[in-house]
There are 2 protein chains.
Amino acid sequence: MPLITYQTLHPGLSIDCVIFGFYQKEIKVLVLKLKNFEKWSLPGGFVDQTKDVDDEATNILKRRTGLKNVFLRQFHLFGDVKRNSDAHINALFNSKIIDNDSLIWFKQRFVTVGYYALIPFSPSQIFTPDNLSESCEWRSLKDIPEMILDHKEIIDSAHKTLKKELNYQPIGLNLLPEQFTMSELQAVYETILEKPLDRRNFRRKILNFAMLIPTKKQRVGGAYRSPYLYQFDLDKYHLALQNGLSSGW
Amino acid sequence: MPLITYQTLHPGLSIDCVIFGFYQKEIKVLVLKLKNFEKWSLPGGFVDQTKDVDDEATNILKRRTGLKNVFLRQFHLFGDVKRNSDAHINALFNSKIIDNDSLIWFKQRFVTVGYYALIPFSPSQIFTPDNLSESCEWRSLKDIPEMILDHKEIIDSAHKTLKKELNYQPIGLNLLPEQFTMSELQAVYETILEKPLDRRNFRRKILNFAMLIPTKKQRVGGAYRSPYLYQFDLDKYHLALQNGLSSGW
DNA sequence: ACAAAAGTGTTATTTCTACACCCATGC
DNA sequence: GCATGGGTGTAGAAATAACACTTTTGT
């Protein structure tokens with residue numbers, strides 16, 4: 001039996017997901033390692049003819065990583081001819097990742113739709129990769145392993161999109177624990193933007209968005225002075241996600 | 001001979017272009033009317049397997065409307081299942097727009113990539129529609145005729161994207177003649193944003209972008225006081241297109 | 001005591017918003 | 001002369017950018 005029932009799939013169309021996490025002042029990206037293959041890949045897959053593409057993105061992510069209920073944002077269609085590579089497919093075939101029946105499917109020219117999402121990171125998190133994949137790991141954006149096809153460019157494009165979106169949309173809800181310190185939130189911004197921000201100005205600007213609820217609690221146990229904890233006002237956060245932040249015109 | 005050599009086309013993938021123009025304080029959209037068919041459509045088409053999707057968008061636009069050298073921006077992939085409609089394809093078949101050989105091609109499930117562009121409007125402009133189409137016309141965004149499939153939603157989505165892009169990118173170069181008055185530029189913004197702007201504040205803000213060159217000339221012949229003419233500083237305009245305008249963080 | 005992170009406020013500059021009067025032109 | 005659109009400035013409010021000292025805590 002072939003790996004996939006190709007008859008029901010949308011031909012020449014794939015989906016790739018760039019899943020961002022955040023840990024210790026680094027942006028992490030979720031990548032999969034195929035069995036018997038030296039390169040890594042994004043969690044991706046194909047589109048069932050009977051399902052909406054956006055829904056399939058969610059389904060694929062779940063199938064390949066075990067992640068559920070992730071809100072994915074479509075950001076670009078990658079449609080260059082040269083993104084396909086016969087050499088790559090042959091290598092997959094030689095590594096027995098693709099069987100004979102599947103070869104004709106994989107040798108098609110593919111275009112792929114990129115989706116990205118931000119999810120909570122936990123270093124001990126266990127993913128349940130599909131049985132094609134040997135492992136599913138977080139890797140630092142600065143330290144992405146060798147990726148198949150144009151997956152590195154897809155990651156870079158997603159990061160660029162995210163940087164831009166930061167100007168219109170709130171961020172952090174999915175990247176941080178429920179309660180977090182101002183410094184932690186600032187670190188998220190600094191990391192994504194790849195530049196340092198002034199502590200006092202950051203605090204003022206973020207608080208002006210009126211999306212944060214200061215709790216009177218403080219982070220216990222850490223070294224040095226205990227910082228205050230904040231949490232998001234979920235209503236206002238989601239409202240801002242929909243309407244965007246102050247925009248200009 | 002079938003209309004298209006389907007063997008060389010990427011299956012299940014189409015492109016639709018939303019071409020915006022601007023005239024008399026209205027946003028115009030370029031739409032095509034098929035022969036023997038009561039509904040209108042966006043200029044769109046299929047993707048050759050051997051060509052980049054982005055390039056094919058330009059090619060398709062030229063083929064269907066005669067427009068050359070238009071810079072198209074990809075903005076969304078429309079991939080819902082329900083956007084396809086057997087009834088629609090049957091209607092096209094009954095109207096002899098699709099022949100027997102083509103039917104199997106058109107009955108596929110399609111996803112479509114949306115592109116948009118802003119081009120100069122001239123009321124007397126002659127388009128050279130392909131021979132499937134009866135005419136190619138500018139229609140007001142407020143007065144879009146009945147469109148096939150989800151083309152109306154594609155137009156609305158493009159407009160929404162454009163509104164958002166206005167905060168990051170300069171606009172007007174392709175929509176206005178080489179020299180234009182401040183009021184004309186303001187009208188472009190007001191029309192796209194669908195809201196009035198203060199004349200003096202608009203002027204100040206736009207001039208702060210440092211993309212406009214004031215000519216000392218004035219528009220001749222018009223009624224009432226003669227306005228000054230401006231033109232874009234092309235270098236700075238294109239720089240701003242690439243880098244975006246002031247963004248926030 | 002000291003090293004490291006956290007809390008906090010002011011000032012100067014820039015940007016934003018709201019608003020009104022006079023000018024040029026064609027009729 | 002009048003209707004219409006075009007040109008221009010200011011004052012108050014808000015946002016931004018730059019900047020330093022004190023407090024808490026663990027070692």
Side-chain angles (χ1 to χ4, degrees), chain A residues 23-26 166-170 172 176-177 179-191 193-231 240 244-249, chain B residues 23-26 166-168 170 172 176-177 179-191 193 195-231 240 244-249:
Chain A
Y23 184 62
Q24 289 181 340
K25 307 211 173 187
E26 286 194 319
L166 222 50
N167 292 317
Y168 315 77
Q169 273 162 12
L176 294 169
Q179 301 202 333
F180 49 88
T181 69
M182 193 58 78
S183 292
E184 287 165 349
L185 183 57
Q186 182 176 340
V188 171
Y189 275 81
E190 288 182 330
T191 304
L193 294 168
E194 301 175 294
K195 70 177 181 188
L197 301 170
D198 181 88
R199 272 194 308 142
R200 287 161 289 186
N201 293 339
F202 177 80
R203 174 195 178 77
R204 183 177 13 237
K205 184 159 174 170
I206 285 286
L207 289 177
N208 272 350
F209 290 161
M211 284 178 340
L212 290 185
I213 302 168
T215 72
K216 283 292 160 202
K217 283 183 283 184
Q218 295 182 271
R219 161 117 336 141
V220 292
Y224 318 123
R225 179 172 182 173
S226 311
Y228 286 106
L229 292 169
Y230 294 82
Q231 59 189 41
L245 300 169
S246 65
S247 20
W249 285 105
Chain B
Y23 185 62
Q24 290 181 340
K25 307 210 173 187
E26 286 194 318
L166 222 50
N167 292 316
Y168 314 79
L176 293 169
Q179 301 202 333
F180 49 87
T181 69
M182 193 58 78
S183 292
E184 286 165 350
L185 183 57
Q186 181 176 341
V188 171
Y189 275 80
E190 289 182 331
T191 305
L193 295 169
K195 70 177 181 189
L197 301 170
D198 181 88
R199 272 195 307 145
R200 285 161 290 186
N201 294 339
F202 177 80
R203 173 195 179 78
R204 184 178 13 237
K205 185 159 176 171
I206 285 285
L207 289 177
N208 272 351
F209 291 159
M211 284 177 339
L212 289 185
I213 303 168
T215 71
K216 284 291 161 203
K217 283 182 282 183
Q218 295 180 271
R219 160 119 333 142
V220 291
Y224 318 124
R225 180 172 181 174
S226 311
Y228 286 106
L229 292 170
Y230 295 83
Q231 57 189 44
L245 299 169
S246 65
S247 22
W249 284 104

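Naming: A, B, ... by sequence-line order, numbering from 1 per chain.
With sequence neighbours left out, B:Pro227 forms a side-chain contact (heavy atoms from CB on, under 4.5 Å) with B:Thr181, B:Arg219. Qualifying ring-ring contact (aromatic ring centres under 6.0 Å, His included) partners for A:Phe180, counting only residues two or more places apart in sequence or in other chains: A:Phe232. A search for ring-ring contact (aromatic ring centres under 6.0 Å, His included) contacts involving B:Tyr23 returns B:Phe121, not counting sequence neighbours. Every residue was checked against the side-chain contact (heavy atoms from CB on, under 4.5 Å) condition with B:Arg225, not counting sequence neighbours, and none meets it. Looking at residues two or more places apart in sequence or on another chain, you find a side-chain contact (heavy atoms from CB on, under 4.5 Å) between A:Arg199 and A:Gln186. With sequence neighbours left out, the side-chain contact (heavy atoms from CB on, under 4.5 Å) criterion links A:Asn208 to A:Arg204. Listed by chain and number, the residues in a ring-ring contact (aromatic ring centres under 6.0 Å, His included) with B:Phe209 amount to none (sequence neighbours excluded). Taking the side-chain hydrogen bond (donor to acceptor under 3.5 Å, both in side chains) definition, one finds that A:Gln179 meets it with A:Lys217, A:Gln231, sequence neighbours left out.
For DNA chain D, the span of nucleotides reached by chain A at under 4.0 Å from its heavy atoms goes, 5' to 3', from D:dT16 to D:dG26.
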Protein-to-nucleotide contact annotation, 5' to 3' order, nucleotides 19-27 of chain C [B base; S sugar-phosphate only; - none; under 4.0 Å, heavy atom]:
BB--BBBS-
Please write out each protein N/O paired with an N/O of nucleotides 13-15 of chain C under 3.5 Å, distance rounded to 0.1 Å.
none

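For the atom pair CD of B:Glu184 and OH of B:Tyr230, the computed distance is 12.0 Å after rounding to the nearest 0.5 Å.
With a 6.0 Å cutoff to the six-membered ring centre and a 45° limit on the axis angle, A:Lys205 counts as a cation-pi contact of B:Trp249.
Residues from residues 181-191 of chain A lying near DNA chain D, meaning a heavy-atom separation below 4.0 Å, are absent.
Side chains of B:Met182 and B:Phe202 form a contact here, defined as non-hydrogen atoms less than 4.5 Å apart.
Between A:Ala240 and A:Leu245, the shortest heavy-atom distance links the atoms CB-CD2, 4.0 Å. Minimum interatomic distance between B:Leu212 and B:Pro214 (heavy atoms only, all atoms of both residues): O-CD, 3.7 Å.
The CZ atom of A:Arg203 sits 6 Å away from the P atom of C:dG7 (whole-angstrom rounding). In this structure, A:Leu207 places its CG atom 11 Å from P of C:dG7, rounding to the nearest Å.
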